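Predicted model only: the values in this text are computed from it and were never measured. All values below come from the heavy atoms of this structure, side chains included, with hydrogens, waters and symmetry mates left out. Each chain gets a letter, A, B and so on, in the order the sequences are listed, and its residues count up from 1.
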2 protein chains.
Amino acid sequence: MIKRTKGVTISQVADAAGVARSSVSRAFTRPDMLSPETVTRIMKAAEALGYVPNHTARALSTGRHGNVGLIVPDIANPFFPPLIQAAQLEADRSDFCIFLGNTEENPKQEDKLVGRFAGQVEGLVLASSRLSDERIRAHAGQLPLVLINRDIDGIPRVLIDSGSGVRQAVEHLAKLGHRRIVYVSGPSNSWSNKQRRTAIKAAASGLGIVVETVPAVLASYNSGRNAVSAILATGATAAVAFDDLTAQGVLAGLSEKRVSVPSDFSLIGCDDVLGAVTYPALTSVSNRSTEAGRVAVSLLLDMLQSRAIRDVRYVLETHLVVRNTTTAAR
Amino acid sequence: MIKRTKGVTISQVADAAGVARSSVSRAFTRPDMLSPETVTRIMKAAEALGYVPNHTARALSTGRHGNVGLIVPDIANPFFPPLIQAAQLEADRSDFCIFLGNTEENPKQEDKLVGRFAGQVEGLVLASSRLSDERIRAHAGQLPLVLINRDIDGIPRVLIDSGSGVRQAVEHLAKLGHRRIVYVSGPSNSWSNKQRRTAIKAAASGLGIVVETVPAVLASYNSGRNAVSAILATGATAAVAFDDLTAQGVLAGLSEKRVSVPSDFSLIGCDDVLGAVTYPALTSVSNRSTEAGRVAVSLLLDMLQSRAIRDVRYVLETHLVVRNTTTAAR
DNA sequence: GAGTTCCATGCAACCGGTTGCATGTCAAGT
DNA sequence: ACTTGACATGCAACCGGTTGCATGGAACTC
């Protein structure tokens with residue numbers, strides 16, 4: 001049967017090597033302070049005993065535990081896994097571990113997670129936070145914070161500017177002759193949603209296009225599907241959805257209602273997370289989630305290093321990826 | 001500008017409340033040992049100072065830090081997010097936090113992550129581990145471990161028995177008149193892959209069906225797509241793919257080669273992660289990933305509670321979900 | 001009213017490291 | 001030969017809690 005080995009401590013290593021505990025500590029953290037022979041002797045003893053430094057103890061005395069937290073609203077949304085993956089990779093490069101939190105789009109849960117993480121992490125990345133500005137500011141007062149897709153003065157943030165891509169989407173639709181389009185909006189407390197809606201309205205009004213907004217409440221397949229009746233009721237000939245998931249739901253809803261895409265109706269998604277794998281392949285606005293994850297963590301680690309908070313605002317541009325769900329208006 | 005608040009310690013609270021440090025500690029951990037008045041006095045003082053117990057210090061003296069690790073091979077594979085989400089929810093119920101690790105299907109990375117996590121977590125869940133049995137056994141000697149989709153004697157494990165569903169899939173194809181089918185296999189070090197291949201062969205031989213195996217190497221869209229030539233070369237009329245992602249790739253590859261599904265070729269996936277959203281909707285073997293995540297964490301927390309390792313083998317049955325990618329053989 | 005119990009609280013050691021300062025040694029400087 | 005300094009190492013306090021044991025007073029017993 002399997003039995004557990006108990007921890008070897010620094011004292012045991014010190015005894016075995018015939019030195020003081022402090023020397024063992026230094027052998028691991030600042031070997032340059034010791035003579036090379038002492039270091040090797042200590043290392044040999046440590047190896048023989050199977051010594052592994054105790055992370056917790058080290059964290060207690062240094063105040064640094066080498067963890068950062070990452071909180072996302074919905075891990076199952078394909079926008080996030082690449083972001084998480086990139087964040088983890090970047091953290092790894094500096095020997096940091098990632099605590100992952102999933103809030104299920106619920107600000108209460110988010111607050112709770114932040115509280116639980118604080119004290120175990122040196123800093124936090126909040127991706128697409130659903131918290132109010134005040135709560136975020138409050139948290140930022142407790143520990144280093146970097147935001148993704150949330151634009152608050154004084155707090156370092158990485159923004160995926162879907163505005164640029166959305167503008168191209170509207171221009172694309174205009175060129176195809178669409179004069180009346182729908183924006184299928186996402187979560188009301190989402191910064192990206194606000195940004196996209198604003199960008200669409202601005203672009204449309206410049207091109208003489210009418211935009212109606214149909215709410216989808218959540219960013220999900222089902223809310224997209226449920227929004228279809230309302231979308232068709234507007235008399236529009238094309239729609240831009242808050243994200244690809246919503247668009248996919250709209251696609252399904254349209255197909256159920258025998259409205260074929262793109263011949264009867266044009267559809268554009270956002271985030272380009274499944275563009276190539278829907279049928280027809282979805283025209284979408286590119287995302288930069290991988291970069292966002294990487295940059296956010298790298299920014300955070302910088303802050304931890306320098307102990308300074310710079311007011312960084314890192315913007316990532318996007319563009320339209322045209323596939324098969326858009327065509328000329330009838 | 002934002003400034004950080006420094007930590008309030010137990011001593012400050014003790015001074016403010018006019019008691020010993022130990023009393024403050026007990027007020028938070030074992031209030032029944034103190035008189036109610038003392039507890040309220042301490043709590044009031046703590047509140048006033050904004051005291052929050054230091055997680056690290058507590059962990060050091062108790063040896064319990066309330067974290068468990070979860071390691072998966074690929075976050076971006078849609079099989080895992082629901083599992084992760086469920087694991088997190090379950091951990092949350094007991095006030096545990098989840099450390100997430102992503103190995104990118106790389107055993108080296110997995111080993112490294114386990115090492116880095118050990119010492120910060122009380123236990124570990126390895127989902128679809130790509131490590132060798134020996135490595136897993138070695139890790140299990142260091143800390144409590146629960147496996148998902150990996151069957152090793154003596155180590156608690158949660159198994160999604162796709163065998164039952166795969167058997168149904170083969171029977172389904174047999175009933176439709178297919179006599180020659182392909183199994184598009186997944187990662188060679190995947191337990192699920194082995195299980196599925198075995199189940200298919202067993203079921204097929206009982207029904208007088210010929211099975212050819214075509215390797216897809218990784219569980220991904222692209223490997224599925226690349227496998228299509230080899231699949232068609234076998235002359236089979238139907239295929240079962242290692243997972244839905246692979247199936248989706250196969251679907252795309254077939255469509256590029258003008259082989260239409262299901263009229264020319266029948267296809268079945270596994271894990272049912274995107275069945276309803278492909279076109280045509282994919283027939284697939286159901287998954288139980290949410291339950292697997294939940295059960296694994298709950299098992300792990302049990303182990304931590306009781307300090308005992310029981311040889312648990314928790315099996316979750318699956319079944320075939322018929323949609324639109326299968327039809328009678330020509 | 002003295003002896004016994006019980007309860008609330010304090011004392012101090014401990015968890016396993018880190019680190020400022022003191023000490024001792026040896027070589028270089030004059 | 002004596003001072004000076006650099007360097008390697010040890011000592012002990014500290015990080016912020018937890019916990020076994022001791023203590024003192026109140027309540028209870030006879």
Does [X] reach a base, just sugar-phosphate, or nothing at all? Heavy atoms under 4.0 Å.
| X | answer |
| --- | --- |
| A/Thr56 | nothing |
| B/Thr38 | sugar-phosphate |
| A/Thr29 | sugar-phosphate |
| B/Val24 | nothing |
| B/Phe28 | nothing |
| A/Thr9 | sugar-phosphate |

Original post:
So which heavy atom on A/Val297 is nearest to which on A/Ala91, and how close?
Top reply: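 Smallest interatomic distance, heavy atoms only, reads CG1-N, 3.8 Å.
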
Subject >> Minimum heavy-atom distance between A/Ala17 and A/Arg41, given as atom pair plus value >> reply: O-NH1, 2.6 Å

Original post:
For the side chain to side chain donor-acceptor pair (under 3.5 Å) test, which of A/His65, A/Gln120, A/Arg116 pairs with B/His55?
Top reply: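 Of A/His65, A/Gln120, A/Arg116, side chain to side chain donor-acceptor pair (under 3.5 Å) with B/His55 is met by A/Gln120 alone.
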
**OP:** For residues A/Leu126 and A/Val114, determine if any side-chain heavy atom of one lies less than 4.5 Å from a side-chain heavy atom of the other.
**Re:**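 In short, these two side chains touch, coming nearer than 4.5 Å.
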
Expressed in angstrom and rounded to an integer, what is the separation of [X] atom [atom1] from [N] atom [atom2]?
| X | N | atom1 | atom2 | answer |
| --- | --- | --- | --- | --- |
| A/His65 | D/dG17 | NE2 | C1' | 14 Å |
| B/Leu49 | D/dG17 | CG | P | 12 Å |
| B/Arg30 | C/dT9 | CZ | C1' | 13 Å |
| B/Leu60 | C/dC15 | CG | C1' | 4 Å |

Which nucleotide, [options], lies nearest any side-chain atom of [X]?
| X | options | value |
| --- | --- | --- |
| B/Ala20 | C/dT18, C/dT9, C/dG10 | C/dG10 |
| B/Asn54 | D/dG17, D/dA8, C/dG20 | D/dG17 |
| A/Ser35 | D/dA8, C/dG10, C/dT18 | D/dA8 |
| A/Met33 | D/dG17, D/dT9, C/dC15 | D/dT9 |

**OP:** Let me know which of B/Leu145, B/Val315, B/Asp311 forms a side chain to side chain contact (heavy atoms under 4.5 Å, CB included) with B/Arg157.
**Re:**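 In the set B/Leu145, B/Val315, B/Asp311, the residue that makes a side chain to side chain contact (heavy atoms under 4.5 Å, CB included) with B/Arg157 is B/Asp311.
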
Original post:
Start at the 5' end of DNA chain C and walk down; is the nucleotide closest to A/Ser23 or to B/Asp32 reached first?
Top reply: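 Nearest-nucleotide comparison on DNA chain C picks B/Asp32.
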
Does [X] get its side chain close enough to the base of [N], under 3.5 Å, for a donor-acceptor pair?
| X | N | result |
| --- | --- | --- |
| B/Arg26 | C/dG10 | yes |
| A/Ser22 | D/dC11 | yes |
| B/Arg21 | C/dG10 | no |

Subject >> Presence of B/Ser61 side-chain N/O under 4.0 Å of C/dC15 phosphate oxygens OP1/OP2 >> reply: no

